[in-house]
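Reading through the structure tokens given below for one structure.
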Amino acid sequence: MKWSFNDLAQVSTEALTQGADLTADITQNLLTTNNVWMMLSTALVFIMHLGFAGVEAGFGQAKNTVNILFKNTVTPIIGLMTYALCGFFLMYPGFDVPGWFGFDGAGWSMFWFSPADADVTAGYADGGYTYWTDFLFQAMFAATAATIVSGAIAERVKLWAYLLFTVIYVGIVYPIIGSWKWGGGVLDDWGFYDFAGSTLVHSVGGWGALAGVILVGPRIGKYVNGKTVDKPGASVPLAVIGVFLLWLGWFGFNGGSVLSADPALVSFVLVTTCLAACAGGLGGFLAGYFVFKRLDLGMVLNGILAGLVGITAGADVINPGPAIIVGFVAGILVVLSAVFLDKLKLDDVVGAVSVHLTCGIWGTLAVGIFSTNPDHSFITQLTGVVICGVTAFICAFVIFYLLKVTVGIRVSEEHEKTGLDSHEHGIRGYTIVYDE
């Protein structure tokens with residue numbers, strides 16, 4: 001059989017077409033796989049809000065349960081709405097030159113007025129996910145930062161003051177600080193590294209919590225004659241459930257921060273994350289026994305969270321052995337930090353400052369010590385921690401102070417003593433009703 005030039009040309013054209021179609025199919029399948037993992041991670045991060053609610057309601061007093069659950073229900077609502085209104089576009093402003101402040105006006109306009117123009121193809125984010133998945137994943141992170149503040153100042157803060165703080169802090173302060181690294185700003189240009197947010201999420205939330213604790217003041221009867229008075233939580237089982245839900249959510253928090261379904265990197269990140277959590281729980285267990293001379297379940301639980309917060313900055317660049325060290329040290333630090341705060345009469349109901357601020361700082365600095373990337377410098381990490389910390393604390397302090405001198409931030413003594421549930425919500429979280 002003889003082949004003419006036209007026959008050969010036709011065969012070649014068909015082969016090229018088939019090859020292009022195959023490449024397009026592979027690209028689309030990769031996008032689908034990556035995007036499904038990112039959406040699942042988003043759902044896991046969302047579950048963390050239930051975990052925070054469980055921890056705070058479990059460690060808080062029974063008379064304030066509804067108030068605590070109300071705050072934890074409204075917080076993600078505010079977080080998502082404010083992030084959609086302005087936070088997303090402040091956090092990812094599309095800097096032409098690495099800077100300190102920017103706003104993506106074109107993105108804002110597209111989001112609200114021409115959403116059909118959003119990029120949902122493999123051309124967005126290197127085929128890792130679509131525009132809408134990007135927004136929702138980042139919005140969940142934003143809401144998490146606000147929840148950290150809620151637990152620290154529980155049981156005596158005015159609900160409206162907390163909600164106003166959340167709107168401003170999550171809508172403006174958090175995304176601006178986040179833009180300095182994740183939005184391609186100055187800190188990113190300097191080489192600062194924070195994989196999933198030990199500083200940008202947890203420490204920023206922790207600094208807000210510290211400012212709130214200082215200005216709101218301790219609960220009535222917490223510190224008497226130089227001694228710290230324990231206020232029994234409503235439900236230890238609920239607190240345990242909350243911690244395990246948070247640990248579950250961290251699979252999406254850190255695993256999703258790979259920003260694709262890369263099997264090698266995702267699995268590595270989840271291993272280092274879980275090892276650090278286990279080591280943190282062990283560190284909290286041993287430090288709690290040494291300090292309090294008892295098997296303190298609360299310190300084991302906070303030790304787990306401390307290990308998770310600690311490894312979050314470097315889960316992708318810290319090997320399993322060092323990850324255990326990072327988690328174990330975090331578990332010890334969370335106990336020492338809690339004791340130190342009580343010495344200063346800074347009343348933190350759930351230990352949020354110790355878990356998220358203290359261990360967030362440690363985890364970020366640990367990148368400069370243990371990272372497998374030689375470009376990661378301890379000095380650069382320390383610089384980023386200081387800049388983000390000073391900014392977050394000053395902003396949070398100013399917001400809380402302005403609220404304090406205007407609308408007030410603390411409930412009345414009567415309401416605090418009898419419980420916020422009856423006075424602010426007209427219902428109690430725990431009721432026993434007997435049929436007559």
Side-chain angles (χ1 to χ4, degrees), residues 91 95 98-101 141 145 148 173-211 214 254 257 272-273 276 279-280 283 305-319 321-338 340-341 344 346 352-397:
M91 196 162 182
F95 287 118
W100 296 101
F101 180 82
F141 271 54
I148 294 168
V173 178
Y174 164 78
I176 290 176
I177 294 176
S179 75
W180 298 342
K181 165 58 187 175
W182 291 340
V186 171
L187 293 184
D188 185 58
D189 186 56
W190 291 352
F192 176 72
Y193 194 77
D194 190 354
F195 173 64
S198 287
T199 283
L200 299 179
V201 178
H202 296 284
S203 285
V204 167
W207 285 114
L210 179 60
I214 292 172
N254 284 4
S257 292
T272 57
T273 297
L305 299 180
L308 289 165
V309 170
I311 198 59
T312 291
D316 64 328
V317 293
I318 295 178
N319 283 328
I324 292 175
I325 297 174
V326 171
F328 187 74
V329 172
I332 295 174
L333 286 176
V334 78
V335 176
L336 300 180
S337 176
F340 180 66
L341 288 176
L344 297 177
L346 296 176
V353 174
S354 298
V355 170
H356 299 279
L357 175 55
T358 301
C359 297
I361 291 172
W362 156 242
T364 308
L365 296 178
V367 172
I369 302 172
F370 298 111
S371 175
T372 56
N373 187 337
D375 293 333
H376 294 156
S377 159
F378 182 85
I379 297 301
T380 303
Q381 294 299 106
L382 178 60
T383 301
V385 166
V386 172
I387 291 175
C388 293
V390 170
T391 305
F393 180 74
I394 291 177
C395 289
F397 194 92

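Everything numeric here is computed off the predicted structure, so don't read it as measured data.
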Interatomic spacing from [atom1] in [X] to [atom2] in [Y] - rounded to 0.5 Å:
{"X": "F195", "Y": "S371", "atom1": "CZ", "atom2": "OG", "answer": "12.0 Å"}
{"X": "L305", "Y": "S354", "atom1": "CG", "atom2": "OG", "answer": "11.5 Å"}
{"X": "I361", "Y": "L333", "atom1": "CD1", "atom2": "CG", "answer": "10.0 Å"}

Name each donor-acceptor pair under 3.5 Å that joins a side chain in residues 307-314 to protein atoms two or more places apart or in another chain, with its distance.
| from | atom 1 | to | atom 2 | distance (Å) |
| --- | --- | --- | --- | --- |
| T312 | OG1 | W250 | NE1 | 2.9 |
| T312 | OG1 | N254 | OD1 | 3.4 |
| T312 | OG1 | L308 | O | 2.7 |

Sequence neighbours left out, what passes side chain to side chain contact (heavy atoms under 4.5 Å, CB included) with [X]? Give chain and number order.
{"X": "L210", "value": "W207, I214, L346, V353, L357, F393"}
{"X": "F370", "value": "I318, P322, I325, V326, W362, A366"}
{"X": "F101", "value": "L90, I176"}
{"X": "T380", "value": "F192, S377"}

Inter- and intrachain pairs under salt bridge (Lys or Arg N to Asp or Glu O under 4.0 Å), touching residues 383-393, at least two apart
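Not a single pair qualifies under salt bridge (Lys or Arg N to Asp or Glu O under 4.0 Å).
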
Which salt bridge (Lys or Arg N to Asp or Glu O under 4.0 Å) pairs, counting each pair once, include a residue from residues 177-186, with sequence neighbours left out?
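Non-adjacent pairs meeting salt bridge (Lys or Arg N to Asp or Glu O under 4.0 Å): K181-D188.
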
[X] versus [Y], closest heavy-atom pair with distance:
{"X": "I148", "Y": "A209", "value": "O-CB, 4.2 Å"}
{"X": "G185", "Y": "P98", "value": "O-CB, 3.7 Å"}
{"X": "T372", "Y": "P374", "value": "O-CD, 3.4 Å"}
{"X": "A396", "Y": "A211", "value": "CB-CB, 3.8 Å"}

Going by side chain to side chain donor-acceptor pair (under 3.5 Å), name the residues that satisfy it together with [X], two or more places apart in sequence or in a different chain.
{"X": "T272", "result": "none"}
{"X": "T199", "result": "T364"}
{"X": "T391", "result": "none"}

Can you list the residues that meet the ring-ring contact (aromatic ring centres under 6.0 Å, His included) rule with W100, with sequence neighbours excluded?
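Per chain and number, W100 pairs via ring-ring contact (aromatic ring centres under 6.0 Å, His included) with W180, W190.
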
Indicate yes or no: at least one non-hydrogen side-chain atom of C388 is less than 4.5 angstrom from one of D194.
no

Using atom types as modelled and distance alone, determine if a side-chain donor or acceptor of N319 lies under 3.5 Å from a backbone N or O of G321.
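Side chain of N319 to backbone of G321: no pair is present.
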
